[in-house]
Amino acid sequence: MSFNTLYNEDPFPRLRALAEVLADADYDVVCLQELWNPRSYALIRALTRTSYPYAAHGARLPLLAGGLLTLSRIPIAGHRFTRLAAGGPFTREALTRKGVLVTRLSVGEELLVVANVHLSANLRSDWSKEAPFAEVQRAELARLAQVVRGQGGAGGTVVAVGDFNVPRDSWLLEGFAADSGLRDAFHGDSATTYRPTPRWSGAALDQVLATPGLPVAAELVLRDTVKASDGWEGHLSDHYGVAATIG
């Protein structure tokens with residue numbers, strides 16, 4: 001399961017509620033984005049350590065690298081964070097070091113490679129080929145495809161999930177799928193993964209792509225309000241989660 005946790009708007013009550021949801025869920029691997037604040041990382045890790053004993057992340061200071069954290073019930077064989085954001089007009093994005101956290105998991109005799117992804121935002125929601133934001137995203141996707149292809153030599157299954165910040169039906173994601181060799185587990189379904197607002201109807205920005213030929217079923221999750229044990233009630237994020245069942 002992959003989920004953008006939304007770093008602002010007082011995240012701590014939402015993170016505590018999310019930890020309760022995850023403890024009751026049957027996900028084997030959880031990929032989280034926007035945990036840049038070391039306090040956010042520390043909170044969610046402390047609350048999930050029992051239900052998800054294994055975790056992968058990059059450098060934790062001054063901000064958690066890429067804001068990415070991968071939790072697992074499966075032993076982790078190794079992990080590596082790679083920065084994908086390369087500046088351009090995204091000065092804030094450069095500071096947050098957006099990128100990909102690749103985690104290798106030992107599933108019996110098999111190897112599962114999970115790429116937890118968060119790419120630079122398109123602040124104008126303009127994904128046309130001429131748009132400067134789209135060009136920055138295209139370059140990041142090219143670097144991401146190179147990282148993904150580099151996992152092929154290890155064998156096993158590769159799954160890339162996360163907040164790609166590009167619509168599922170865009171030329172950008174189509175190009176990444178072709179370049180990386182991965183397949184869209186949603187089969188082009190363009191239903192939004194971003195909670196609609198009065199100003200924007202949203203887009204399918206969160207993705208699941210996997211090794212071709214692998215049986216994968218993907219779905220949207222964490223769409224409804226939740227009520228935590230401490231009385232907090234609300235939506236967990238401005239994004240929905242995306243989950244996949246493999247095999």
Hey, mind stepping through Tyr7 and Asn37 against side-chain contact (heavy atoms from CB on, under 4.5 Å) and telling me if it holds? CA-CA 8 Å; Tyr7 74 96; Asn37 186 337; over 6 Å; no

Please test Leu222 against Met1 for side-chain contact (heavy atoms from CB on, under 4.5 Å), starting from the C-alpha separation and ending with a verdict. CA-CA 10 Å; Leu222 305 184; Met1 194 275 287; 3.8 Å; yes

Could you please spell out the steps behind the side-chain contact (heavy atoms from CB on, under 4.5 Å) verdict for Leu209 and Val159? CA-CA 6 Å; Leu209 298 101; Val159 180; over 6 Å; no

Walk me through whether Ser72 and Leu105 qualify under side-chain contact (heavy atoms from CB on, under 4.5 Å). CA-CA 9 Å; Ser72 178; Leu105 305 160; 3.6 Å; yes

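Listed here is the closest heavy atom pair of Ser128 and Ala134: O-CB, 3.4 Å. The heavy-atom pair separating Ser40 from Pro11 by the smallest distance is OG-CG, 4.0 Å. Closest non-hydrogen pair, Ala228 versus Ala17, comes out as CB-CB, 3.8 Å. Nearest heavy atom pair, residue Leu64 against residue Gly58, reads CD1-O, 4.1 Å.
Put simply, the side chain of Leu32 reaches to within 4.5 Å of the side chain of Leu71, judged on heavy atoms. Looking at Leu119 and Phe176, their side chains never come closer than 4.5 Å, going by heavy atoms from C-beta outward. Contact check for Thr48 versus Val30: no side-chain heavy atoms found under the 4.5 Å cut-off. In this structure the side chain of Phe3 never reaches within 4.5 angstrom of the side chain of Val242, judged on heavy atoms. Within the 4.5 Å cutoff, side-chain heavy atoms of Thr193 are placed close to those of Arg168. In this structure, Leu101 and His79 have side chains that are in contact, with non-hydrogen atoms separated by less than 4.5 Å. Side-chain contact check for Trp127 versus Phe133: every heavy-atom pair is 4.5 Å or farther apart. At a threshold of 4.5 Å between non-hydrogen side-chain atoms, the residues Pro167 and Leu205 count as touching.
Between atom OG of residue Ser170 and atom CZ of residue Phe164 there is a gap of 11.0 Å, rounded to the nearest 0.5 Å. Atom-to-atom distance recorded for Thr157:OG1 and Gln151:CD is 12.5 Å, nearest 0.5 angstrom. In this structure, CG in Asp206 is found 8.5 Å from OG in Ser237, a value given to the nearest 0.5 Å. The structure places NE2 of His239 at 10.0 Å from OG of Ser2, a figure rounded to the nearest 0.5 Å. Atom-to-atom distance recorded for Asp238:CG and Asn4:CG is 6.0 Å, nearest 0.5 angstrom. To the nearest 0.5 Å, atom CG of residue Leu15 and atom CG of residue Leu35 are 6.0 Å apart.
Crowding of Gln146 atom CD: a count of heavy atoms from other residues, nucleotides or ligands under 6.0 Å not exceeding 12. Counting heavy atoms of neighbouring residues, nucleotides and ligands inside a 6.0 Å radius, atom CD of Glu233 exceeds 12 of them. Within 6.0 Å of CZ on Arg124 lie no more than 12 heavy atoms contributed by other residues, nucleotides or ligands.
Taking hydrophobic clusters as Ile, Leu, Val, Met, Phe, Trp and Tyr residues chained together by side-chain heavy-atom distances below 4.5 Å, Leu111 does not share a cluster with Val29. Leu182 and Val208 fall into different hydrophobic clusters, defined by Ile, Leu, Val, Met, Phe, Trp and Tyr side-chain heavy atoms under 4.5 Å apart, directly or through other members. Hydrophobic clustering (ILVMFWY, side-chain heavy atoms < 4.5 Å, transitive): Trp36 and Phe12 are in distinct clusters. Under the 4.5 Å side-chain heavy-atom criterion for Ile, Leu, Val, Met, Phe, Trp and Tyr, Val21 and Tyr52 are members of the same hydrophobic cluster. No continuous path of hydrophobic side-chain contacts links Ile74 to Tyr27 [ILVMFWY only; heavy atoms under 4.5 Å].
Under 3.5 Å, the side chains of Asp184 and Gln207 contain no donor-acceptor pair of N or O atoms. For Asn122 and Asn165, the side-chain atoms include no donor-acceptor pair closer than 3.5 Å. For the residue pair Gln33 / Asn116, a side-chain donor-acceptor distance below 3.5 Å is found, with atom types taken as modelled. Between the side chains of Glu140 and Ser120, at least one donor N or O sits under 3.5 Å from an acceptor N or O.
Taking the six-membered ring for Trp and the full ring otherwise, the centers of Trp200 and Tyr194 sit less than 6.0 Å from each other.
Note on residues 54-66: pairs passing side-chain hydrogen bond (donor to acceptor under 3.5 Å, both in side chains), not counting sequence neighbours, are Tyr41-His57. Among residue pairs with one or both ends in residues 214-231, those qualifying as side-chain hydrogen bond (donor to acceptor under 3.5 Å, both in side chains) are Glu20-Ser229; sequence neighbours excluded.
Judged by distance alone, the side chain of Thr70 and the main-chain N or O of Ala56 form no donor-acceptor pair under 3.5 Å. Listed for the Arg14 side chain is a donor-acceptor partner under 3.5 Å among the backbone atoms of Leu6. A donor-acceptor pair under 3.5 Å links the side-chain atoms of Arg183 to the main chain of Leu214, judged by distance alone.
The only member of Val113, Val148, Val216, Val158 that meets side-chain contact (heavy atoms from CB on, under 4.5 Å) when paired with Thr211 is Val158.
The side-chain tip of Arg195 does not point at the ring of Tyr240 from less than 6.0 angstrom away and within 45° of straight on.
The salt bridge (charged side-chain N to carboxylate O under 4.0 Å, His left out) search around Asp179 returns Arg149, not counting sequence neighbours.
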